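Working notes for the structure below.
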Amino acid sequence: NFLEHRTHELELRRICLLGTPVYKYIWHRQQGGGVVSRFDCEAILFDLDGVLVDSAYAVEQAARIWAERHGLDADQVLKGVHGRRAEEVVPDVAPHLDPDVEARELDRIELEDVANVCKVEGASELLAALPTDSWAIATSGSRALATARLRGTGLPVPKILVSAEDVENGKPDPECYLKAAELTGVAPQKCVVVEDTLPGILAARSAAMAVIAVATTHSASELSDADAVAHALIDIRVEEVRAGAKRSGKPRLLLVVEN
């Protein structure tokens, strides 16, 4: 029982989305030397790269190859490449180039390196524990690249996959997560996002969604704006899947994060 533990905190976070008050319920309690956080939701929206698949080497190699071809500082390009659409990275580092053309080129380079992408430990088990209609992916990459990486690592391709082509504005704009929530039929305040970058966390926040960060691409201190930070994906588990909610008919999911 939570009340038997030394600390038991119930957070009610009030966020205004389009002028409407929204509340999120998150429980945190002390356990041993760490903190256990619980999230009550109806859908989980995953980022892909750095969360479900480890594509860091492929992403960085592609950025270096592309930067070298254009005589750009590769380290400068790498600073902004994680968690953002290529169409929005290119103008920052090479405003003289056509962002659409170069985004396709970056995508092509990354597609040639799918073999160097692997699934993150715990990804298969976490997805298998979720009802198929209760999770989606919202990625800054193209649909072709996301699908190739999922299939190449043996992970399932979800029914709902929001990719770079599906939105006008990439992260940190909330468009991708709001679209994913709409397609799942779940209200934004009943969704939990799993992210690994600050732009993704900010996107989830702007969408009035709870967000769990995974400290893979960035350190835990850089991800402190999230509601909880897991050291690895394996520290996130589905504790319970409850009967469908009265209004939506969607199963209720109880997520646990141990850190």
Side-chain angles (χ1 to χ4, degrees), residues 26-29 31-59 82-83 114-139 141 145-163 177 180-181 183-184 186 190-197 200-201 204 209-218 220 223 226-245 250-259:
I26 305 165
W27 291 263
H28 301 286
R29 68 179 170 88
Q31 179 171 301
V35 175
V36 175
S37 303
R38 280 177 164 79
F39 295 78
D40 192 339
C41 63
E42 291 181 15
I44 304 175
L45 311 179
F46 294 94
D47 178 40
L48 177 60
D49 299 287
V51 174
L52 297 176
V53 302
D54 181 358
S55 59
Y57 177 81
V59 170
H82 290 290
V114 173
N116 281 315
V117 176
C118 59
K119 66 182 173 183
V120 170
E121 183 182 6
S124 294
E125 294 79 4
L126 180 56
L127 297 180
L130 294 169
T132 55
D133 292 332
S134 296
W135 67 279
I137 288 175
T139 176
L145 186 59
T147 302
R149 285 176 173 169
L150 287 166
R151 289 176 176 162
T153 56
L155 291 174
V157 178
K159 292 182 178 179
I160 298 166
L161 194 164
V162 179
S163 61
Y177 284 123
L183 292 172
T184 59
V186 175
K190 295 179 181 179
C191 296
V192 170
V193 169
V194 184
E195 265 286 355
D196 70 312
T197 67
I201 291 171
M209 299 177 184
V211 56
I212 301 167
V214 184
T216 49
T217 311
H218 300 279
L223 305 172
D227 292 294
V229 179
H231 296 299
L233 189 69
I234 201 169
D235 296 323
I236 304 173
R237 60 184 172 85
V238 181
E239 185 172 79
E240 188 178 355
V241 178
R242 299 173 182 171
K250 295 283 186 179
R252 287 180 61 192
L253 312 171
L254 186 61
L255 276 186
V256 175
V257 181
E258 298 179 359
N259 47 31

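Treat the numbers as computed from the prediction; the structure is a model and nothing was measured.
Across every non-hydrogen atom of V59 and R149, the tightest pair is CG2-NH2, 4.0 Å. Nearest heavy atoms, A215 versus A220: CB-N, 4.0 Å. Shown here for F39 and A228, the closest heavy-atom pair between the two residues is CZ-CB, 3.8 Å. The two residues V214 and V194 have their closest heavy-atom pair at CG2-CG1, 3.7 Å. Here the shortest heavy-atom pairing between G50 and D196 reads CA-OD2, 3.5 Å. Of all the heavy atoms in G152 and V114, the pair that sits closest is CA-CG1, 4.5 Å.
For residues 151-160, the pairs satisfying salt bridge (Lys or Arg N to Asp or Glu O under 4.0 Å) are D133-K159, with sequence neighbours left out.
In this structure the side chain of I236 never reaches within 4.5 angstrom of the side chain of V256, judged on heavy atoms. Using a 4.5 Å heavy-atom cutoff, the side chains of L145 and T139 are not in contact.
With rounding to the nearest 0.5 Å, the separation of CG in L127 from CG in L233 is 8.0 Å. Separating the CH2 atom in W135 from the OG1 atom in T184 is a distance of 12.5 Å, to the nearest 0.5 Å. From F46, atom CZ reaches atom CG of L130 across 5.5 Å, with rounding to the nearest 0.5 Å. To the nearest 0.5 Å, the span separating OG1 on T216 from CG on D47 amounts to 9.0 Å. In this structure, CG in D54 is found 8.0 Å from OG1 in T217, a value given to the nearest 0.5 Å. If you take CE on M209 and CD1 on I201, they are separated by 14.5 Å, rounding to the nearest 0.5 Å.
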**Asked** Checking side-chain contact (heavy atoms from CB on, under 4.5 Å) for the pair L150/L161: CA distance, chi angles, key distance, verdict?
**Response** CA-CA 11 Å; L150 287 166; L161 194 164; 4.1 Å; yes
**Asked** Could you walk me through whether V120 and V51 pass the side-chain contact (heavy atoms from CB on, under 4.5 Å) check?
**Response** CA-CA 7 Å; V120 170; V51 174; over 6 Å; no
**Request:** For V162 and L45, run side-chain contact (heavy atoms from CB on, under 4.5 Å): C-alpha distance rounded to whole Å, both residues' side-chain angles, the deciding distance at 0.1 Å, then the answer.
**Result:** CA-CA 10 Å; V162 179; L45 311 179; over 6 Å; no
**Request:** Mind running side-chain contact (heavy atoms from CB on, under 4.5 Å) on D227 and V211 for me, showing each step along the way?
**Result:** CA-CA 6 Å; D227 292 294; V211 56; 3.9 Å; yes
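Legend: residues meeting side chain to side chain donor-acceptor pair (under 3.5 Å) with S163, ordered by chain and number and at least two apart, are E165, D166. For the side chain to side chain donor-acceptor pair (under 3.5 Å) test, no residue two or more places apart in sequence or in another chain qualifies with E121. S55 meets the side chain to side chain donor-acceptor pair (under 3.5 Å) test with D49; sequence neighbours excluded. In this structure, the salt bridge (charged side-chain N to carboxylate O under 4.0 Å, His left out) partners of R237, at least two apart in sequence or on a different chain, are E239, E258. Under the side chain to side chain donor-acceptor pair (under 3.5 Å) criterion, S124 pairs with K119, sequence neighbours left out.
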